[in-house]
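Data first, discussion second: the structure below is written as C-alpha cells.
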Amino acid sequence: MKKSDVVKEILAGRRGSANPVGQAEAPANIALCKYWGKRNEELNLPITSSLSLTLDHVGARTEISQCSSGDQIFLSGERLDSDHPFANRLSRYLDLFRQGDEGYCVKTESSVPVAAGLASSASGFAATVKALDALYGWKLGSRELSILARLGSGSACRSLYSGFVEWHVGEREDGMDSYAEPLELQWPEIRLGWILVSTAHKPVGSREAMRRTRESSPLYQSWPAQVARDLAEIKAALSLRDFTRLGETVEANALAMHATMMAAQPAILYWLPDTVAVLHQVADARRQGVSVYATMDAGPNVKILYQARDQDRVVERFPQISFLCG
Ligand code: 2P0
C-alpha cells in the first residue's frame with residue numbers, strides 16, 4: 001500500500017470549498033517513551049506505541065496557497081531552492097494532495113530550536129496537514145489529521161494535541177489504526193528543559209538510524225518488550241503523579257533506545273563526551289536530592305525532566321539550561 005492510497009481513502013467524499021489560503025500552527029513534542037523502528041517505512045508505521053509530552057510554546061506555523069508555477073517554499077522568510085532537503089521532502093509530501101498540476105506556495109516559521117535535536121519535522125508536518133485541511137476546507141477530524149501527519153513524519157502524528165499523547169502502534173497494514181490520541185490527564189507542574197551539547201549536524205538521520213538498528217542490532221530484539229513495560233509504567237506514574245517512577249522509566253527508556261543503536265553495525269553513536277558529562281551531572285544532582293531525570297533523542301543533546309518546585313535548584317545546577325515546557 002502506498003501513501004497515496006491512504007490519502008485517497010481518507011479524502012474520499014471530502015469535497016470542501018477551497019479557500020485562497022490555509023494557515024495553521026502545530027506544537028513540537030518530546031517522547032517520554034520513544035518511537036524507534038518502523039514495521040512499514042512507506043507509511044511510517046511503528047514497531048511499538050510511544051508516548052510524548054507536547055511543548056505548547058514551541059512549534060511551527062505554516063501558510064499554504066496554490067500557485068501556478070511549481071512549488072515555492074519559504075522557511076523563516078527565506079525562499080529555499082527546490083533541491084534543498086527540506087523543500088524537496090515537503091514537495092514530495094504535497095504531491096499526495098495535488099488535485100492537478102498546481103504548485104503550492106508554503107511559508108513556514110518555526111520556533112523549534114534546530115540544535116536541540118527536537119524533530120522539527122513533527123511540528124512542521126502537523127502544521128502542514130492542518131494548513132492543507134484549512135486550504136481545501138476538508139474539515140477532517142483529529143484522528144484523520146494524525147494519520148496524514150504520520151505519512152510525513154512518524155512523530156508528527158503526536159503533534160496534533162496538547163499534553164500527554166499516545167501514538168497507538170496499530171496492527172492494520174493500511175495503518176488506519178496507527179494514530180495518536182491525548183491522554184485524559186494533566187500534570188501542569190512537569191517541566192522540560194534542554195542542555196545544549198552540540199549544534200553540529202547529526203551524522204546519521206533518524207530514518208536511516210532506525211532502519212540500521214532494526215536490521216543489525218542484536219539488542220533491538222528486546223526493545224518491543226521494553227517499550228511495552230515502560231509505556232505501562234509511564235502511564236501508571238502519570239495517573240498516580242509518581243514523579244520518581246515517571247523519571248526513572250523515562251530515563252531508562254531513552255538510554256535503552258541509545259543502547260540498541262550503539263549495538264548496531266556500524267554503530268550509531270550520537271553521544272559526545274559532553275553528553276556523558278551531562279548525564280553524570282543529572283545523576284549527581286539526584287544523589288544530592290534534586291529530582292531530575294534525563295531523556296535524549298536522535299542526537300547528542302540532553303533534555304531534562306523535573307517538577308516546577310525544583311526549578312531554582314535545577315537552574316543553579318544547570319545554568320546552561322533552555323526551557324522547553326512550563
Ligand atoms: C521519538 N524520534 O519518539 C523518536 C525518539 C527520535 C528519537 O521520532 O522517519 O522524525 O520521519 O518517521 O519522527 C524522530 O524520528 O522519523 C523520532 P520519521 P521522526 O520522538
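First listed ligand is number 1; within each ligand, the first listed atom is number 1. As the structure is a computational prediction, the values presented were derived from the model and not from experiment. Quick note: numbers below take in every heavy atom, side chains included, and nothing from hydrogens, waters or symmetry partners.
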Structural part of [X] in contact with ligand 1, heavy atom criterion under 4.0 angstrom:
X	result
R158	side chain
S153	both
R89	side chain

Mark up the atoms of ligand 1 that fall under 4.0 Å of a heavy atom belonging to [X], in ascending order.
X	answer
A31	1 (C), 3 (O), 20 (O)
D297	5 (C), 7 (C)
S155	8 (O), 10 (O), 13 (O), 19 (P)
M210	15 (O), 16 (O)

**OP:** For the residue pair Y179 and H168, categorise the inter-ring angle as parallel (less than 30°), tilted (30 to 60°) or perpendicular (more than 60°).
**Re:** perpendicular
Looking only at side chains, do [X] and [Y] share a donor and an acceptor under 3.5 Å apart?
X	Y	value
K107	S65	no
R158	S50	yes
Q265	R212	no

Checking the N or O distance criterion of under 3.5 Å, is ligand 1 in contact with [X]?
X	answer
Y35	yes
S121	yes
G154	yes
N29	no
K38	yes

**OP:** Using a strict 4.0 Å threshold on nitrogen-to-oxygen distance, state whether E208 and R211 make a salt bridge.
**Re:** yes
Original post:
What pairs of residues pass the ring-ring contact (aromatic ring centres under 6.0 Å, His included) test when at least one of them lies in residues 305-326, not counting sequence neighbours?
Top reply: none
Original post:
Are I10 and Y93 linked, directly or through other ILVMFWY residues, by side chains that come within less than 4.5 angstrom of each other?
Top reply: yes
**OP:** Assess M296 for proximity to ligand 1: is some non-hydrogen atom of it under 4.0 Å away?
**Re:** no
**OP:** Determine whether more than 12 heavy atoms belonging to other residues, nucleotides or ligands lie under 6.0 Å from atom CD of Q99.
**Re:** yes
Listing, residues 245-252 side-chain donor-acceptor contacts under 3.5 Å, not counting sequence neighbours, or none:
from, atom 1, to, atom 2, distance (Å)
R245, NE, E233, OE1, 2.9
R245, NH2, E233, OE2, 3.2
T249, OG1, R245, O, 2.7
E251, OE1, R286, NH1, 2.9
E251, OE1, A294, N, 2.8
E251, OE2, R286, NH2, 3.1

